[in-house]
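All remarks here apply to the structure that follows.
These numbers come from the heavy atoms of this one structure, side chains and all, not from hydrogens, waters or symmetry mates. Here is the naming used below: chain letters follow the sequence lines, and residue numbers restart at 1 for every chain.
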Amino acid sequence: MDNPDPTRKVTPKTKKESLSKEERQKQLEFQKEAVVHLNSLYNYALHLTMNPSDAEDLVQETYLKAYRFFNSFERGTNCKAWLFKILKNNYINRFRKNSKEPGKVDYDLIKDFYHSIKDVQNDTSEAESDYFHSLLHEEVHQALHSLPEEFREVIQLCDIDGFTYEEIANMVESPIGTVRSRLYRGRKLLREQLEGYAKKYGFNTDKDQ
Amino acid sequence: MNCQKAQVLMSAAVDCELTVKEEEGFLLHLSECKECKDEFEDAKKTKMIIKEKIVQFKAPQSLFNSIMELTSASSVER
């Protein structure tokens, strides 16, 4: 007879379902807590690796690890910060081992990144005299990436990803005072860079004129 | 508060991370020191520029899919 015996099928199926119910719950919670931060993590990885394919690998590894250790995630704390920390550790272990050239930037890559959005960028409705408004995405990106990594990192975590100083201090494993001073110096350096671009393109950065 | 102390607090002031007491002293110093006030305005502006000009990319759909797969695949393994 080709008809499957219903009694034989039911037992293993019930067992499997009760197991996957627990797993299913974990999955749902993981999606709600962790997968929602995918875009932020992907961008963080892009900034670290400057390479879309490495960034994807890094993000995948991070989520795999995060899922495996999801039980150790302290409920009620910032899951995004937890994921960033995992990603950063992965990055250090995997991508920085070989390369001793932090801060080396592939400018062609940046151009590629921004190529697709450049057309959208052409609204110069703002006052032309304000050179800050005239800055292009890629110029700010370049300026940010020209900073020493310790400065770039805190600026990114603070201004782009919106972490608190306490969270940043935990991520970069430095005291809050260090985070403060790196942000201060980093922003100052960045401003100098941006003023450099503005001067290059003939904008007057002298406020008194 | 002198300029040096104000500079130490500058970034935290931009990010609203000062304690009430620190903020009091900081604002008092700014009211007396044009240089620090200008620098504070510049620092705020720099933060704005980064927020506005750094573009966030959308993660590729394929990456999203594979993460959804990864998380469900590891449940099968157990």
Side-chain angles (χ1 to χ4, degrees), chain A residues 19-20 22-24 26-27 30-31 34-35 38-43 46-47 52 55-56 59-60 62-64 66-68 70 113-114 117 132-133 135-141 144 154-156 158-160 162 164-166 176-177 179-188 190-191 194 207, chain B residues 1-19 22-23 25-26 29-30 34-78:
Chain A
L19 180 83
S20 70
E22 209 176 71
E23 279 294 329
R24 185 79 199 125
K26 183 183 166 188
Q27 271 174 35
F30 189 76
Q31 281 160 20
V35 180
L38 174 63
N39 281 339
S40 299
L41 246 79
Y42 177 65
N43 279 279
L46 270 180
H47 278 281
E56 284 196 39
V59 171
Q60 268 197 28
T62 303
Y63 271 109
L64 192 59
Y67 189 70
R68 212 171 275 156
F70 193 45
F113 279 172
Y114 285 92
I117 49 157
F132 276 152
H133 284 290
L135 287 164
L136 296 173
H137 296 280
E138 60 193 273
E139 286 162 349
V140 180
H141 192 114
L144 187 60
V154 289
I155 289 180
Q156 195 180 324
C158 179
D159 295 344
I160 300 175
T164 66
Y165 282 17
E166 199 184 335
I176 286 183
V179 174
R180 279 184 175 187
S181 70
R182 280 186 193 168
L183 276 168
Y184 172 70
R185 291 177 58 197
R187 283 185 182 138
K188 215 170 167 176
L190 191 74
R191 205 151 58 235
L194 294 176
K207 283 173 196 154
Chain B
M1 189 181 289
N2 59 23
C3 293
Q4 208 186 346
K5 183 81 208 294
Q7 283 177 358
V8 170
L9 299 180
M10 190 78 71
S11 64
V14 171
D15 299 313
C16 305
E17 289 257 4
L18 291 180
T19 64
E22 283 173 332
E23 192 176 5
F26 182 78
H29 176 76
L30 288 202
K34 189 180 181 308
E35 239 170 73
C36 285
K37 191 172 190 315
D38 287 348
E39 199 177 336
F40 180 55
E41 293 306 320
D42 277 348
K44 280 199 290 194
K45 210 166 181 181
T46 309
K47 184 185 170 92
M48 282 272 293
I49 289 169
I50 297 164
K51 278 177 86 166
E52 280 175 17
K53 299 280 179 169
I54 295 289
V55 173
Q56 293 289 87
F57 294 93
K58 201 168 177 296
Q61 184 65 35
S62 58
L63 180 63
F64 175 78
N65 292 344
S66 68
I67 282 160
M68 296 302 267
E69 251 173 61
L70 281 177
T71 53
S72 49
S74 54
S75 73
V76 172
E77 275 171 1
R78 298 193 176 182

Between [X] and chain B, with a heavy-atom cut-off of 4.5 Å, which part of the residue counts as in contact: side chain, backbone, both or neither?
{"X": "N43(A)", "result": "side chain"}
{"X": "Q156(A)", "result": "neither"}
{"X": "L183(A)", "result": "both"}
{"X": "F30(A)", "result": "side chain"}
{"X": "L41(A)", "result": "neither"}
{"X": "V35(A)", "result": "side chain"}

Between E35(B) and C3(B), is a side-chain contact (heavy atoms from CB on, under 4.5 Å) present by the stated rule, with each step listed? CA-CA 9 Å; E35(B) 239 170 73; C3(B) 293; 5.8 Å; no
Ranking Q7(B), M48(B), M10(B) by heavy-atom pairs under 4.5 Å to chain A gives rank one to Q7(B)
Salt bridge (charged side-chain N to carboxylate O under 4.0 Å, His left out) against K188(A), all qualifying residues, sequence neighbours excluded: E39(B)
Tell me whether [X] contacts the main-chain N or O of [Y] through its side chain, where contact means a donor paired with an acceptor under 3.5 Å.
{"X": "Y42(A)", "Y": "P60(B)", "value": "no"}
{"X": "D159(A)", "Y": "K51(B)", "value": "no"}
{"X": "Y63(A)", "Y": "S66(B)", "value": "no"}

Shortest non-hydrogen pair, A13(B) vs F26(B), comes out as CB-CE2, 3.4 Å
